[in-house]
Structures are given as structure tokens and as C-alpha cells.
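A quick write-up on the structure given underneath.
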Amino acid sequence: MKKLFQKNSETVNLNRRSFMIGTASAGLVMAFAPALFSGSLSAKESIAQQAFSPTIWWTMSTDGAVEVSIAKAEMGQHIGTALARIVADELECDWDKVSITYVDTHEKWGFMVTGGSWSVFQSFKPLSQAGAAGRIALIEAGAKMLGVPADKCRAEKGYIIAGEKSVSYADIVKKGEFNRTFTSDEVANLPLKPANKRHLTGLKQDFKALDIPAKTNGTAVYGIDVEVEGMLYARPVIPPTRYGSTVTNVDDSAAKAIKGYKGYEILNDPSNTVQGWVVVLADSYPSAIKAVDALKVSYKKGESANISEADIQKEGKRLCEQRDSGTLFVDEGDIKKTQADASESLESMYTTATASHYQLEPLNAVAEFKDGNWIIHTGNQWQSLTLPALAKALEIEQNKVIIRPYYLGGGFGRRLFGDWTVPAALTAKAVGKPVKLVFTRADDSLFDQSRSASAAKMTASFDKNGTFTGMEHAFAAGWPTKAMAPGFLSPGVDGKGKFDAFSASGADHWYSMSSHRARAINNEVAQSTFTPGWLRSVGPGWIAWSLESFIDEIAHKQGKDPVQFRIEMLDGKGKQAGKAPESVGGALRLRNVLKTVSDKVASVKLAKDEGIGFSVSSGQERTMPAWLATAAHVHVNRDSGKITLKKLYVVVDAGLIVHPDGALAQIEGSLLWGSSLALHESNTYKDGQVSATNFNTYLPLRMQDVPDMDIEFLQSDEFPVGLGEPGVIGVAPAIGNAVFNAVGVRLRDLPMKPSELKKGLEA
């Protein structure tokens with residue numbers, strides 16, 4: 001592909017840290033030095049005493065094997081492989097000698113979180129630097145052994161080479177002495193490889209993930225596989241409301257007849273993470289399941305006991321209709337004057353239903369007290385958020401809690417805040433024995449952090465010539481960040497109020513508009529009924545549904561082609577030009593992927609009642625945009641209202657693709673997730689709880705409905721960004737726009753229902 005944007009050499013400056021490379025008993029160790037590294041100890045002495053605080057580090061043994069420590073959670077995205085490739089590419093080691101280790105929680109690893117599609121984006125620079133520093137140190141040591149100047153040497157696949165001479169990394173580590181420190185200034189100026197010199201990262205690379213053998217031969221260990229000596233099995237009794245339930249009586253007379261039943265515990269949680277919880281204990285999990293079913297627990301219910309899905313939706317719409325509700329997220333131009341001067345306006349209300357995570361592996365944790373520490377065995381995405389809650393619940397110092405990592409059988413945001421670990425730990429503390437707490441599918445569903453139902457009111461203004469002059473976007477939902485990480489709430493652009501940026505991203509789009517206002521509104525009915533969750537793609541997953549559908553509505557009202565209308569507004573001017581390093585090219589890159597996908601489908605032949613719709617999306621956050629254009633080809637059955645998604649076409653510009661096979665899998669999976677949310681899956685709150693608690697009533701995309709997919713990654717040397725979530729975002733509006741193009745009916749509620757479409761056709 002012809003290069004459209006000039007490469008900017010800047011990279012993300014995440015941390016000004018020093019590097020240390022020194023010899024240790026195991027071989028060679030590379031670490032980030034402490035942020036306030038005094039230099040009173042040499043690198044070798046610091047490493048020997050473990051006086052370092054790396055976020056990512058690697059070791060090289062005396063046979064040249066490299067082990068990369070991974071402080072991210074593996075949940076099917078092969079993140080360890082991607083991060084190891086970044087290190088290995090710069091280190092110039094032999095990829096066949098690279099292995100990965102997932103580390104447990106320790107302050108030396110820094111802030112631990114896996115979500116937001118951030119892992120590669122945030123790790124690329126420091127890991128590249130870590131590899132480059134190692135390469136330089138090995139070249140220096142190898143040059144001495146070869147008796148040549150360092151500038152006459154090069155590193156290549158585990159060797160230092162100078163003309164006809166060479167020495168292996170293994171021999172250098174065996175015989176060399178390393179005691180090297182790179183200052184923060186030296187780190188910042190490390191010479192990283194240009195794109196044409198990379199041979200382990202980029203679209204042209206074809207390799208498999210390091211964890212595939214373990215996952216296919218059954219040796220991979222997931223959280224649910226963990227067992228420790230002397231443990232009891234446990235299953236929770238989920239209270240009738242998420243907040244405010246109090247246990248008034250427990251009758252376990254029937255449970256006592258079950259073989260292996262060991263009793264129950266009523267939990268008192270100082271952290272208030274779980275309220276009104278009873279946990280049943282047994283010597284086997286089948287016995288624990290049966291005992292919970294036999295137990296009779298009476299409660300004083302919380303205030304949300306009568307809340308329904310309709311109540312949540314009604315409140316969201318009401319809030320969106322209020323002109324001054326919420327917090328200003330975007331306020332550009334003069335929307336009030338634009339609306340006052342308008343000759344005509346267009347208004348639409350869009351909604352989405354509650355959605356559940358339904359990750360394949362239900363929630364589970366093993367908690368044990370060992371050697372003066374609480375050890376929590378589980379798969380967790382955001383250890384740095386979970387540890388404080390555990391410490392507060394157990395009433396101990398945080399450094400006395402360790403979370404041991406395991407593969408996650410699906411995360412999708414549900415395993416960010418590990419609230420399920422709290423009842424496991426409290427139960428183990430109460431009985432004085434290790435406890436393995438496992439949720440059934442129904443338990444998991446009832447304790448899910450649902451993606452909140454949402455409402456969005458869109459208002460467009462037009463002048464006397466019918467020209468579009470501005471847009472107001474008001475959107476309401478429950479906010480995950482307010483519930484679980486309130487310290488991350490952001491101030492409004494006018495300095496008034498705070499909002500959840502994760503539940504607003506996407507409304508700060510890349511279209512140039514004369515006037516644009518976006519208001520983020522918290523739906524307190526949702527907020528007080530359940531813990532709103534971060535579900536794959538978070539805010540943009542439902543915000544783009546209203547935005548991209550409404551952009552189509554505006555285009556059609558003006559008699560314009562929706563693709564051309566978008567192209568005109570994706571002019572890359574002002575703030576839409578983007579910035580280095582993460583969004584070089586800005587809206588012009590979004591325009592480019594849209595043009596590419598539009599050209600791709602231009603020759604598609606449409607049968608009767610078929611249509612193709614378009615959308616553009618810019619990833620999880622404006623500060624880390626992945627540029628995607630989606631085209632959906634649908635057929636509509638006029639008799640039944642059934643929508644058949646025949647094919648999805650997606651063009652992606654995500655900068656440098658570190659792990660192509662993993663990137664493709666991420667986009668494929670996220671497209672199917674987006675298709676499922678658009679056409680099939682939703683949940684419904686009834687009496688304060690979700691009503692669909694298993695796959696016989698919660699109906700995600702089935703294999704028979706999987707569409708064909710045409711996915712194209714554009715070659716790019718720009719900074720790599722995340723791909724775990726972006727594919728979800730554009731699917732629903734592309735389908736909705738395709739339905740309109742096929743049969744002229746505009747659907748505004750997700751999931752799109754055949755009954756509503758049929759009504760529209762009849763009207």
C-alpha cells in the first residue's frame with residue numbers, strides 16, 4: 001500500500017526509568033531500576049539483592065535461553081507472546097530459545113492491569129528499550145571477547161558478529177561479566193530498530209503463540225484447575241440484591257443430609273464488596289452445589305429489590321431529555337446558538353439493553369494463608385485494583401496479600417476488579433483452612449458486572465439551506481468506574497462535575513463539526529441496582545451505535561451518500577489532525593480505511609431486500625485510536641423481520657502489528673462479539689436481578705449465524721495500538737445502516753428485534 005502518512009519517530013514516554021544489566025547465579029538479568037535509583041549499589045549488587053522494581057524484565061541463562069517475565073493476564077489474546085516478541089526483536093536473541101513466565105503480584109512489578117486493549121500499546125516502548133539495552137550490553141561484552149571495537153560488531157539471532165568472527169550469547173553469558181547501568185537519559189536515547197530491520201514483529205511475520213501447545217495438550221493451568229492441600233470446596237449463595245441485603249436466618253437442616261456437607265459461613269465484609277453473603281462448604285464441589293440448593297436463607301432485601309429493566313431504561317431516557325443533565329465531555333463551538341439559529345432539527349433516541357459477560361470459565365478463587373501471607377490463586381485482569389479490596393476485607397496490610405496468576409478462561413472485562421476473591425478469602429479466614437470457591441454458571445450470571453442498559457439522545461441542527469451545522473449527544477448509563485475505581489473519574493471540560501471516561505469514549509469522535517456537545521450522564525437507577533461492568537469495548541461499544549447510526553440519518557436527511565458525508569467531515573483539521581505518537585495522521589487515517597472498505601464492497605451484487613451499511617470507529621479511546629471501517633452486508637426477511645448478517649468487511653489501521661496471528665484472532669473474535677450484541681444477546685433485570693442465568697435463556701451468537709468475514713490490515717510503521725476491543729464497536733451501526741438501506745426501516749434499539757423490524761415494515 002502506498003504510504004500516506006509521514007513516520008514520526010517519537011514514541012510514548014511512559015516512565016523515566018534507569019535500566020540495570022548484571023550477572024547473577026542464573027545468568028544475565030535485565031531489570032528496570034527503581035524510579036529513584038541512587039546508584040549506591042552497582043547493577044550487579046542490586047540484582048543480587050533484588051533491589052529493583054521492574055514492570056517487565058528478562059533473564060538470559062548460560063545456554064542463551066531468554067525468559068521474559070509477563071505482568072499481564074493471559075485470557076486468550078496471547079499477550080505473553082506479543083510482549084516477548086517485542087523484547088526478542090530488539091535483543092536479537094534466538095526466538096526458539098525464548099520462554100515466558102506470568103508473574104504474581106509484587107510491588108516490584110508496578111501497576112498491574114490487563115484491559116482497555118492497552119497491553120501492547122503501553123508496553124511497546126519500555127520493552128523495546130529493554131531489548132535494545134540488552135543488545136548493546138551484549139555487543140559491548142562480545143566485542144571484548146572478540147578483541148574488536150564494539151562499533152564493528154552487530155547482533156544477530158543470538159550471536160555477536162564482527163566480520164568472520166562471532167561469539168554466541170551463551171558463551172558471552174558464561175564467560176562475560178555484566179555490571180551495566182543505563183541512566184534514564186541513556187534509555188530515552190537508545191537506538192531502536194527502524195521498521196525495515198524488524199524481523200520478529202510486523203505484518204509479514206508468521207508464527208504461532210508460545211502458549212498454544214499447553215492449551216492444546218491440556219497442560220495449561222486455569223484458575224479453576226488449582227487445588228491446594230487441605231482445602232475445602234465452597235459455593236456462594238447469591239443474595240436477592242447486589243447492595244443492602246442482610247441475612248436474617250439460615251436453615252441448613254436439609255443440607256445436613258448431603259454427604260460431604262461441612263456447614264456454612266455468613267460473611268462479614270469490612271470492605272463492603274459483598275453484602276448479605278452466605279457461603280456453603282463441603283469436601284467436594286458437587287456436594288457444595290447440592291448443599292446450596294438445599295439451603296434456605298431468609299433476607300431483608302435491599303432497596304433495588306423491585307427494579308426492572310424497564311425502570312432502568314425509563315430513567316436513562318428521562319435523563320437524556322433533560323437539557324442540563326450530566327457532565328460536559330465535549331463542548332466545542334456554540335451548540336446553544338446553533339440550535340437557536342437552526343431552521344430545522346433532527347432528533348433520535350437510541351438504546352441498548354443490559355448485556356452480560358458470560359465468559360466460559362465461571363468465577364473461581366482459591367484462598368490460603370501460608371507463611372504469613374494470604375495467597376489468592378485466580379485469574380485476574382486488574383490486580384492493582386483487587387489487592388486493596390482484599391486487604392481491606394481481611395483487615396491486613398496490602399503487602400501481605402499475593403495474587404498468583406493463571407490463565408483466564410475468558411475475561412472480557414469481568415475479571416478486572418476481582419470482587420469474587422473477597423468471599424473466598426473471608427471464608428478461608430473464617431474456617432481457618434484453604435478454600436476453593438467456585439461459582440456455578442447461574443451464580444456467575446447473578447453476580448456479573450453487567451454492561452448497563454443505555455440511552456442516547458441525538459440532536460442535529462440544520463440551517464435554512466438544509467446544511468448540517470451541529471450536533472448534541474446526551475448519553476446515560478451505569479458507570480463501571482464510579483462503582484469500582486472512582487479515583488479514575490475525570491473532570492468535565494467546564495470544570496464542573498466528574499464523569500466516567502471509559503463510559504464516554506467514542507463521543508469525542510474524529511469528525512469535524514462546527515458545533516458539538518456531548519454530555520455523559522450517570523443512570524443512578526442502574527448504578528444502585530448492580531455493579532456496572534467494563535464489557536469488551538466498554539463505552540464505545542454502545543456509544544458508537546447511536547453516533548454512527550445517527551450520522552447515517554443526517555446524511556440521508558440531506559440526500560447525501562453516507563460514505564461521502566463521512567469523508568467530508570474526516571478532514572483531519574485542527575484537533576482531528578491527531579498527535580504523535582499514538583494518533584499521527586488523525587482523521588485522515590480513518591478516512592483512508594473508510595475509502596478502502598468502500599472500494600472493497602463497491603462491486604458486491606445485492607439481491608432483493610439486501611443492503612450494505614457502513615460505520616467508522618476509532619478504538620477504545622481517542623488517546624489510543626485503532627482506525628477501523630466496517631461494512632455489513634445483510635438480508636432482511638420481510639415476512640418475519642429476521643436479519644441475516646451475510647458478511648462483514650473490515651479494514652484496520654492499527655500501526656505496527658506486533659503479532660499478526662493474534663491480531664487477526666482478536667479482530668475476528670471482536671467482530672463476532674459485536675454481531676452477537678447487535679442481533680442476539682441481551683439480559684433483562686427483573687426484581688433487582690438479571691433474569692437470564694444460563695445459555696438456555698441467554699442467547700448469544702450461534703455458529704449457524706456466524707457471518708463470513710473479510711479482514712484487511714493496512715501496512716503501517718506507526719506506533720502500535722490495541723486490538724482486543726476495537727472490532728466490536730462498528731458492527732452494530734453498520735448492520736443498522738445496512739438494514740435501512742435494504743428495506744428503509746431505521747432501528748434504534750439493541751439488540752435489533754425482528755418484531756420491531758416487522759412493525760416498521762408494516763408501517
Side-chain angles (χ1 to χ4, degrees), residues 348 350 544-546 548-567 593-617 628-652 667-668 670-681 699-712 727-763:
S348 293
Y350 285 83
W545 160 239
S546 55
E548 284 297 299
S549 297
F550 194 62
I551 290 294
D552 252 50
E553 287 199 64
I554 296 171
H556 283 290
K557 178 174 176 55
Q558 295 183 111
K560 293 185 175 182
D561 174 75
V563 170
Q564 187 57 39
F565 179 58
R566 286 176 169 84
I567 287 172
V593 292
L594 177 59
K595 285 182 174 180
T596 305
V597 82
S598 178
D599 291 342
K600 187 184 289 280
V601 301
S603 60
V604 174
K605 304 297 183 185
L606 297 176
K608 184 181 179 183
D609 298 328
E610 290 186 356
I612 293 178
F614 297 87
S615 72
V616 294
S617 55
L628 275 75
T630 305
H633 179 187
V634 307
H635 172 267
V636 177
N637 184 314
R638 286 181 175 269
D639 294 327
S640 65
K642 177 178 171 58
I643 301 167
T644 299
L645 177 57
K646 300 186 69 173
K647 192 167 184 176
L648 287 170
Y649 301 83
V650 178
V651 177
V652 184
I667 292 294
E668 289 172 336
S670 57
L671 290 178
L672 295 182
W673 194 291
S675 302
S676 188
L677 289 168
L679 295 174
H680 302 279
E681 67 179 277
L699 303 174
L701 181 76
R702 274 14 186 194
M703 288 190 71
Q704 65 185 16
D705 297 315
V706 170
D708 290 335
M709 292 182 285
D710 181 325
I711 300 166
E712 179 182 353
V728 174
I729 300 167
V731 177
I735 294 173
N737 295 334
V739 168
F740 181 83
N741 291 336
V743 294
V745 175
R746 179 67 64 183
L747 297 174
R748 298 187 179 90
D749 303 315
L750 286 186
M752 302 175 210
K753 298 179 178 64
S755 58
E756 292 301 312
L757 180 51
K758 193 174 179 182
K759 285 181 185 177
L761 289 167
E762 291 170 351

Nearest atoms (heavy-atom pairs only) where Trp545 meets Gly736: CZ3-CA, 4.3 Å
Side chain to side chain donor-acceptor pair (under 3.5 Å): pairs with one or both residues in residues 602-616, sequence neighbours excluded: Asp609-Arg638, Glu610-His633, Glu610-Lys646
What closest approach, in Å, do Ala742 and Gly611 show between heavy atoms, and which atom pair accounts for it? CB-N, 3.6 Å
Go through Ser348 and Glu553 one step at a time and tell me if the side chain to side chain donor-acceptor pair (under 3.5 Å) criterion holds. CA-CA 9 Å; Ser348 293; Glu553 287 199 64; 3.0 Å; yes
Where do Asn637 and Asp639 come nearest, in terms of heavy atoms and distance? OD1-N, 2.8 Å
Taking the side chain as every heavy atom from C-beta outward, state whether Ser640 and Pro754 have any pair of such atoms under 4.5 Å apart. no
Audit row: Leu747, Ile643, side chain to side chain contact (heavy atoms under 4.5 Å, CB included) steps and yes/no: CA-CA 12 Å; Leu747 297 174; Ile643 301 167; 3.9 Å; yes
Could you report the tightest heavy-atom contact between Ala738 and Gly613, atom names first, then the distance? CB-N, 3.2 Å
Are Ile711 and Leu671 close enough, and set up right, to give a side chain to side chain contact (heavy atoms under 4.5 Å, CB included), and what steps lead you there? CA-CA 10 Å; Ile711 300 166; Leu671 290 178; 3.9 Å; yes
Going from CD1 on Ile729 to OG1 on Thr630, what distance comes out if it is rounded to the nearest 0.5 angstrom? 9.0 Å
Which pair of non-hydrogen atoms, one from Val745 and one from Gly760, has the smallest distance, and what is that distance? CG2-C, 3.7 Å
Does the pair Leu628 and Ile667 meet the rule for a side chain to side chain contact (heavy atoms under 4.5 Å, CB included), with working shown? CA-CA 10 Å; Leu628 275 75; Ile667 292 294; 4.3 Å; yes
Residues Leu750, Leu677; criterion side chain to side chain contact (heavy atoms under 4.5 Å, CB included); working and verdict: CA-CA 7 Å; Leu750 286 186; Leu677 289 168; 5.7 Å; no
So CG of Leu757 and CG of Leu761: to nearest 0.5 Å the spacing works out to 4.5 Å
Provide the full list of ring-ring contact (aromatic ring centres under 6.0 Å, His included) pairs with a residue in residues 741-763, sequence neighbours left out, each pair given once. none
State, with a plain yes or no, whether a side-chain heavy atom of Glu712 is found less than 4.5 Å away from one of Val651. yes
Candidates Leu606, Val563, Val634, Val597 - the one meeting side chain to side chain contact (heavy atoms under 4.5 Å, CB included) with Ile612: Leu606
Donor-acceptor pair, side chain of Ser549 and main chain of Ser546, under 3.5 angstrom: no
His556 and Phe740 aromatic ring geometry - parallel, tilted or perpendicular at 30°/60° bounds: tilted
For the residue pair Pro562 and Asn737, establish whether any side-chain heavy-atom pair is separated by less than 4.5 Å. no
With no hydrogens and no angle check, is any side-chain donor or acceptor of Asp705 less than 3.5 Å from a backbone partner on Leu701? no
What's the separation between atom CE in Met703 and atom CG in Leu672, rounded to the nearest 0.5 Å? 10.0 Å
To the nearest 0.5 Å, how far apart are CD in Glu548 and CD1 in Ile551? 6.0 Å
When rounded to the nearest 0.5 Å, the distance separating CG of Leu679 from CG of Leu645 is 6.0 Å
Out of curiosity, Tyr649 OH to Asp708 CG, how far, rounded to the nearest 0.5 Å? 8.0 Å
Looking at Arg566 and Asp552, is there a salt bridge between them, counting it only when a charged N and a carboxylate O are closer than 4.0 Å? yes
Taking C-beta and beyond as the side chain, do Lys595 and Ile567 meet within less than 4.5 Å on heavy atoms? yes
Which residue pairs satisfy the salt bridge (charged side-chain N to carboxylate O under 4.0 Å, His left out) criterion with at least one member in residues 753-763, sequence neighbours excluded? Glu756-Lys759
Please name the pair of heavy atoms, one in Ala555 and one in Phe565, separated by the smallest distance, quoted to 0.1 Å. CB-CD2, 3.7 Å
